[in-house]
Amino acid sequence: MKKKLISVLLTGVMAASLLAGCAATTATAPAPAAEEVKEEAEEVVEDVEEAAEEVAETAEAADGELISVGFAQVGHESDWRTASTKSCQDVFSEANGYDLSFVDCDNDEAAQKEAVRSFIEQGVDYIIIDPIIATGWDTVLTECEDAGIPVIVIDRTIDDSDKYVSWVGSDFLTEGKAAGEWLKAYAAAQGITEINALIIQGTIGSSAQIGRTDGFQSVADAEGWTVLDKQTGDFTEAGGQEVMESYCKSYEGKFNVVVCENDNEAFGAMTAMDNAGVTYGPGNDVILISYDACTAGLEKVKEGKITADFECNPLAAPTVEGVIQTLQSGGTPEKEILVPDNWYALADQIVDFSVDGNAQTMIEVTDEVIEAQY
Ligand code: GZL
């Protein structure tokens, strides 16, 4: 920008001197088409004015206010959450023109509402919420609306209010159905005719838990599988281990499938099954299914411990920024914006299956795939 201004200004100076020169030669020799020179000089002046305007706008933007964003994050319960937080902090950085107020709400619904109210008091430009659970939001969203602060929901959904501009996240019900439909196809390929499943659920009432549980259960019901039990591990490794320890005692020798609603619960369940002498993974006693497909989860797939991992993409922040930029320029963003998910397994566990009539593809877990994961 600066170079352009300098070159235009120099041209302007040259044009002015040319005009002056013309005036000097008028007396001594026929002047070049004065009209032509005048037109050129006027064009140069226009360019100079345009460049000056652009410089002023750029300067103003550079000196302008940062866009202030308040982000009420669920907590720090899992590898997935860590990746989600990092993605948001990377995108909403001062270098990118943002002033981010970040609150880790430590899986505490009351603390999350308090964080949103603190953003209202701060008078931020935008509020981003990843709602710990899907309900109880209309009152505080009404307060945001009354304060004229647009709300964008990231990742989990809010199911009892639509007082937000956009939701950006994954389709949790499809994730659950994909896990169920994959199990159906894999069991058939393995000649397994009876499924007795135990489920370790995520945080009860979160849309991720609701979608995954309902999606898998819908296939279990259709196939006549037995779901022996469902208990929450709260999306944590400790929670997964605690529930699996209880399951190993209560259902010893009665289960052949364990479904963990995120990788960190699966890590805990592995410890509990190791301690109880239960083998899991391809060719072992138990088919272990997990969600998130974080880097550490894919490493466990590669090690032959998790049989199949159903991703939930944590990198929604760039899409959320797109929503904010659309609003900044006076546009209307979409109400619902889905981010894509993939399904992962080792080659021998990849089978053909469909979800709601849509053929699915699975990604073979290799060192390169793990390296590239979040
Ligand atoms: C899902 C996300 C869930 C992850 C867990 O979108 O909200 O919360 O599956 C995380 O790992 O704790």
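Remember, predicted model here, so these are calculated numbers, not experimental data. Order of appearance sets the numbers: ligands from 1, and atoms from 1 within every ligand.
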Compare every heavy atom of F119 with every heavy atom of I149, then report the nearest pair and how far apart it is. CD1-O, 4.3 Å
Could you list the atoms of ligand 1 found under 4.0 angstrom from a heavy atom of A208? 1 (C)
Got a salt bridge between D263 and K300, using NZ or NE/NH1/NH2 to carboxylate O under 4.0 Å? no
Does only the side chain of R212 get under 4.0 Å from ligand 1, or the backbone, or both, or neither? Count heavy atoms. side chain
Using every non-hydrogen atom in the two residues, find where L183 and I287 come nearest and quote the distance to one decimal. CD1-CD1, 3.9 Å
Check F172 against ligand 1 and report side chain, backbone, both or neither, counting heavy atoms closer than 4.0 Å. side chain
To the closest 0.5 Å, what do you measure between CD1 (I132) and CG (D108)? 6.0 Å
Does at least one non-hydrogen atom of C312 fall below 4.0 angstrom from an atom of ligand 1? yes
Distance to 0.1 Å, residue and atom name: give those for the protein heavy atom nearest to atom 12 (O) of ligand 1. E77 OE2, 2.4 Å
What residue among Q201, Q209, Q217 forms side chain to side chain donor-acceptor pair (under 3.5 Å) with K230? Q217
When distances are taken from atom 6 (O) of ligand 1, the protein heavy atom at minimum range is D155 OD1, 2.2 Å
With the 4.5 Å side-chain cut-off for hydrophobic clustering, are I127 and F71 part of the same group? no
Counting each atom of ligand 1 from 1 as listed, which ones have a heavy atom of S78 under 4.0 Å away? 5 (C), 10 (C), 11 (O), 12 (O)
Looking only at heavy atoms, which two atoms of V258 and M273 are closest? And how far apart? CG2-SD, 4.4 Å
What residue and heavy atom of the protein are closest to atom 5 (C) of ligand 1, and at what distance? D292 OD2, 3.5 Å
Mark up the atoms of ligand 1 that fall under 4.0 Å of a heavy atom belonging to R156, in ascending order. 2 (C), 3 (C), 7 (O), 8 (O), 10 (C), 12 (O)
